[in-house]
Enquirer: 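Here it is: the structure, laid out below.
The sequence lines fix the lettering, A, B, ..., with proteins before strands; numbering per chain opens at 1. The basis for the numbers below is simple: all heavy atoms, side chains too, and nothing from hydrogens, waters or symmetry mates.
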Amino acid sequence: MLARASELFLPTLREPPSDAEAASHKLLVRGGFIRQVGAGLWTFLPLGWRVHQKVIQIIREEINAIGGQEMLCPVLTPAELWELSGRITIPQVFRLKDRTGRDFVLGFTHEETMAFHARELQSYKQLPQVWYHFSTKARDEPRPRGGLLRVREFIMKDSYSFDRDFEGLDKSFDKHKQAYDKIFERCGLEVHFVEAESGIMGGKESSGYLAPTGSGENTLIRCENGDYFADYDAARGIPRAPGFPPRLEAPTEIETPDATTIESLAALLGIDPASTSKAMPVVAGDRVVLALVRGDDRLSEEKLVTALGVAYRPATDAEIRDTFGAGGGSIGPVGAKVDVVADDTLREGQFVAGANRDGWHLRGVEAGRDYEPRFADIRQANAGDACPNCGGKLEAQTAIELGHIFKLGTFYSEPFGAKFVDEDGQENPIVMGSYGIGPARTMAAIVEQHHDDRGIEWPAAVAPYDVHIVVIPGQEEHAESIATSLSVAGLDVLVDDRDARAGEKFADADLIGCPVRVTVGRKVAEDGTVDVRERAEGEDKAVSVSELVSTVRERLG
RNA sequence: CGGGGCGUAGCUCAGCCUGGUUAGAGUGCUGCCUUUGGGAGGCAGAAGUCGCGAGUUCGAAUCUCGCCGCCCCGACCA
């Protein structure tokens, strides 16, 4: 395949758009891969679409390899489907009406539609199934950002597995996991599989794939020794041990005027903030619950939801005073007539806690002796915590979530009545899983991980073209025949035949980032050689035209 | 949805505070000359509803109000 720069719509820019911050945003726009149409709405220009298609093809091959069957569901779906699952109430749902006033939803995933089709599965003999499609998703995002990192409309590969039981689901899940590992590896990405929250998807267990990058919205917690990776929200770090004051036989009141923050309290008492406890009153359902973490820790909202099993909200000032008889900065677990969920770090030792009396705290408060909590892991892990596997130091790194896989169970099949009959003639709900990957995000992550100050360094598997030929003015005829021979050999070739200076062409070639560059200059007429350079390496090497095809193939790996 | 910022040529921006001929620069674009292995130089040229609407004024890119769009932080979130 041969493309000529003189004919391509390839609008490269010398400067990045003023509103771009992420490297992928800047370089994809500058390189003429994408253009913004509105907030979170992007057009893929010819080169960008080629890369997107290459990513899609890799995903397709790997999902086909685990038995996935490609199909295509509509973007526009009747609102009734979303009422059945209950997801109609999610704020991000794009809703609209047709001319007769009927309600529709622009899908943001396709669990509902796929469960609808799964009603045609009737027998255990038809299971398992894996169905997938590449389709456009719409999300009414409150805040799109970062180029392709967070958008309102995007193409997603989502596959759905249908099994007769949870054992089957585990197998389908593992197959996808393996497929995803291969996909990201083929894309040249460093990606880590981590536990994550189910969020709006519904279902039991979910896991994300995080690519560490320079820009992104997620945080990857990783051990310096490389044996532990986790999503920030779910990470389990081991905090340092506090410096405890001498042990007390019983809690002792101490006056702490104006000390309503941990910092002021620790300073006033001259103690380690880690030897205090922090009380966060929340309302779950119709009851008040006191969440207790160490003074130097932050409460993880996600972990607390998991521990409580339901969503919650912070208690209001009035509710706090009503329940504890004191203000927010002076409350504690001792004597409080509410359930207490204490973080595991509070199991051992004596801590300073609020006395449920304005301006007073208690020293020497001990779990088990002075209050009866339920223990759970509800603290947010921090960089600097010790690794739960090896004790090494945990680090935090910005990341992009490229994929998310869920064990949905019967969350959708039950309301949709997607059932099958087993060997004994019994009806059972189909057990589902869902598995998403965003090709555009993947593309952005590749740029984040593969670029330098001059431009992109595409891995060969996803590059828009294999070879970028820079034609030095005066060598057009030689270049044309070289381009043709590379193309005939099965390589994708971009030949820069524009009437432009060499420097400009080199700069564009670096920006666009095809893996191999061939410069056809004066030497081709003198000794029959051209210069071959790998984008990621930056060294020109003279290669005779007769060996060019094999050399380029070799360089592409 | 809360806070902040921006909107002037394809792109990056100046001009606005302190209203006043025909609205500027760099880059990009077109033509010609020169040049030709890392965005070279020269000459000539095209290109702007100054986001939209109202208002104040003899006069508005500039002042006031409203709206819209976009970006950043937060909240929210695959």
Enquirer: Atom CG of A:Leu149 to atom P of B:C76: distance rounded to whole Å?
Expert: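 So the two atoms are 20 Å apart, to the nearest Å.
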Enquirer: Heavy atoms from C-beta onward define the side chain here; which of B:A40, B:G37, B:C77 lies closest to that of A:Arg501?
Expert: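 For A:Arg501, the side-chain atoms sit closest to B:A40.
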Enquirer: B:G39 P sits how many Å from A:Arg498 CZ, rounded?
Expert: 14 Å
Enquirer: Expressed as a whole number of Å, how far does the C1' atom of B:C16 sit from that of B:A61?
Expert: 7 Å
Enquirer: With a 3.5 Å cut-off and heavy atoms only, can you find an N or O donor on one side and an acceptor on the other between the side chain of A:Arg533 and the base of B:G37?
Expert: no
Enquirer: After noting the C-alpha distance and the side-chain angles of A:Asp140 and A:Arg95, does the key distance pass the salt bridge (charged side-chain N to carboxylate O under 4.0 Å, His left out) rule?
Expert: CA-CA 9 Å; A:Asp140 194 354; A:Arg95 305 185 59 169; over 6 Å; no
Enquirer: Taking any heavy-atom pair under 4.0 Å as a contact, classify A:Tyr209: base, sugar-phosphate, or nothing.
Expert: nothing
Enquirer: Assign each of A:Arg30 and A:Arg152 to its nearest nucleotide of RNA chain B by heavy atoms, then name whichever residue's nucleotide is nearer the 5' end.
Expert: A:Arg30
Enquirer: Please tell me which of the listed nucleotides, B:C13, B:G39, B:C72, lies nearest to the side chain of A:Glu21?
Expert: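 The answer is B:C72.
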Enquirer: Heavy atoms from C-beta onward define the side chain here; which of B:C13, B:C71, B:A75 lies closest to that of A:Asp19?
Expert: B:C71
Enquirer: Base, sugar-phosphate or nothing for A:Gly38? Non-hydrogen atoms, less than 4.0 Å.
Expert: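 Touches sugar-phosphate only.
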Enquirer: Nearest to the side chain of A:Pro473 - B:G38, B:G74, B:U36?
Expert: B:U36
Enquirer: Please check if the distance between the ring centroids of A:Phe94 and A:Phe108 is under 6.0 Å.
Expert: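 No, too far apart.
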Enquirer: Between A:Asp233 and A:Ala235, is there a donor-acceptor pair closer than 3.5 Å when you use the side chain of the first and the backbone of the second?
Expert: no
Enquirer: Measure from NZ on A:Lys26 to C1' on B:C11 and round the result to the nearest Å.
Expert: 15 Å
Enquirer: Could you tell me whether A:Trp131 and A:His110 have their ring centroids closer than 6.0 angstrom?
Expert: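 Between A:Trp131 and A:His110, the centre distance exceeds or equals 6.0 Å.
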Enquirer: Picking from B:C70, B:C77, B:U12, which would you name as closest to the side chain of A:Arg150?
Expert: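 Of B:C70, B:C77, B:U12, B:C77 is nearest to the side chain of A:Arg150.
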Enquirer: So, do A:Trp42 and A:Phe33 have ring centers that fall under 6.0 Å from each other?
Expert: no
Enquirer: Measuring only the C1' atom in each nucleotide, how far is B:C72 from B:G31? A whole number of Å is fine.
Expert: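 Here B:C72 and B:G31 have their C1' atoms 43 Å from each other.
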Enquirer: Treating a pair as Watson-Crick (purine N1 to pyrimidine N3 plus N6-O4 or O6-N4) or G-U wobble (N1-O2 and O6-N3) with both distances under 3.5 Å, list the stems of 3 or more consecutive pairs that involve RNA chain B.
Expert: B:1-7 with B:68-74, B:10-13 with B:24-27, B:29-33 with B:41-45, B:51-55 with B:63-67
Enquirer: Measuring only the P atom in each nucleotide, how far is B:G15 from B:G7? A whole number of Å is fine.
Expert: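 Here B:G15 and B:G7 have their P atoms 10 Å from each other.
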Enquirer: With a 4.0 Å cut-off on N to O distance, would you call A:Arg145 and A:Glu217 a salt bridge?
Expert: yes
Enquirer: Separation of A:Asp499 atom CG from B:U30 atom C1', in whole Å?
Expert: 13 Å
Enquirer: To the nearest 0.5 Å, what is the distance between CG (A:Asp158) and CE (A:Met114)?
Expert: 6.0 Å
Enquirer: Categorize A:Gly436 for me: base, sugar-phosphate, or nothing, with a 4.0 angstrom heavy-atom threshold over every strand shown.
Expert: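 Since no nucleic acid heavy atom lies under 4.0 Å of A:Gly436, the category is nothing.
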Enquirer: In whole angstrom, give me the gap between the P atoms of B:A23 and B:G39.
Expert: 36 Å
Enquirer: A:Asp508 CG to B:G28 C1': how many Å, rounded?
Expert: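 Between C1' of B:G28 and CG of A:Asp508: 12 Å.
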Enquirer: For A:His468 and B:G38, what is the distance between atoms NE2 and P respectively, to the nearest whole Å?
Expert: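 Going from NE2 in A:His468 over to P in B:G38 covers 15 Å.
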Enquirer: Could you pick out which residue, A:Glu217 or A:Pro16, lies toward the 5' side of RNA chain B when each is mapped onto its nearest nucleotide?
Expert: A:Pro16
Enquirer: Of the options B:U12, B:C70, B:A75, whose atoms approach the side-chain atoms of A:Ala39 most closely?
Expert: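 The listed nucleotide nearest to A:Ala39's side chain is B:C70.
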Enquirer: Considering only B:C77, B:G39, B:G38, which nucleotide approaches the side chain of A:Asp510 most closely?
Expert: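 Output: B:G38.
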Enquirer: Mark yes or no for whether A:Thr77, through its side chain, and A:Pro74, through its backbone, hold a donor-acceptor pair below 3.5 Å.
Expert: no
Enquirer: Separation of A:Gln36 atom CD from B:G7 atom C1', in whole Å?
Expert: 14 Å
Enquirer: Quantified in whole Å, what is the C1' atom distance between nucleotide B:C50 and nucleotide B:A9?
Expert: 11 Å
Enquirer: What's A:Gly146 touching, base or sugar-phosphate or nothing? Going by heavy atoms closer than 4.0 Å.
Expert: sugar-phosphate
Enquirer: When you compare B:A40 with B:C76, how far apart are their P atoms, in angstrom units rounded to a whole number?
Expert: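 Approximately 50 Å lies between the P atom of B:A40 and that of B:C76.
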Enquirer: Classify the side chain of A:Arg143 and the base of B:G3 as holding, or not holding, a donor-acceptor pair under 3.5 Å.
Expert: no
Enquirer: Which value, in whole Å, describes the distance between the P atoms of nucleotides B:C6 and B:A14?
Expert: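 Per the computed distance, 10 Å lies between those P atoms.
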Enquirer: Roughly how many Å apart are B:U22 and B:A47, using the C1' atom of each and rounding to a whole number?
Expert: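 It works out to 16 Å between them.
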Enquirer: Output the rounded distance in Å from NZ (A:Lys523) to C1' (B:U36).
Expert: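 Rounding to the nearest Å, NZ of A:Lys523 and C1' of B:U36 are 17 Å apart.
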Enquirer: Determine whether a donor-acceptor pair (N or O, by modelled atom type, separation under 3.5 Å) exists between the side chain of A:Arg517 and the backbone of A:Glu534.
Expert: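 Absent.
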Enquirer: Counting heavy atoms from C-beta on, name the nucleotide in B:C76, B:G37, B:C13 closest to the side chain of A:Ser18.
Expert: B:C13
Enquirer: Is a side-chain donor or acceptor of A:Lys505 paired with a backbone partner of A:Val471 at a separation under 3.5 angstrom?
Expert: yes
Enquirer: From the options B:U12, B:G37, B:U36, select the nucleotide whose nearest atom is closest to the side chain of A:Pro17.
Expert: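 Between B:U12, B:G37, B:U36, the one nearest the side chain of A:Pro17 would be B:U12.
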Enquirer: Do the side chain of A:Arg14 and the base of B:U12 come within less than 3.5 angstrom through a donor-acceptor pair of N or O atoms?
Expert: no
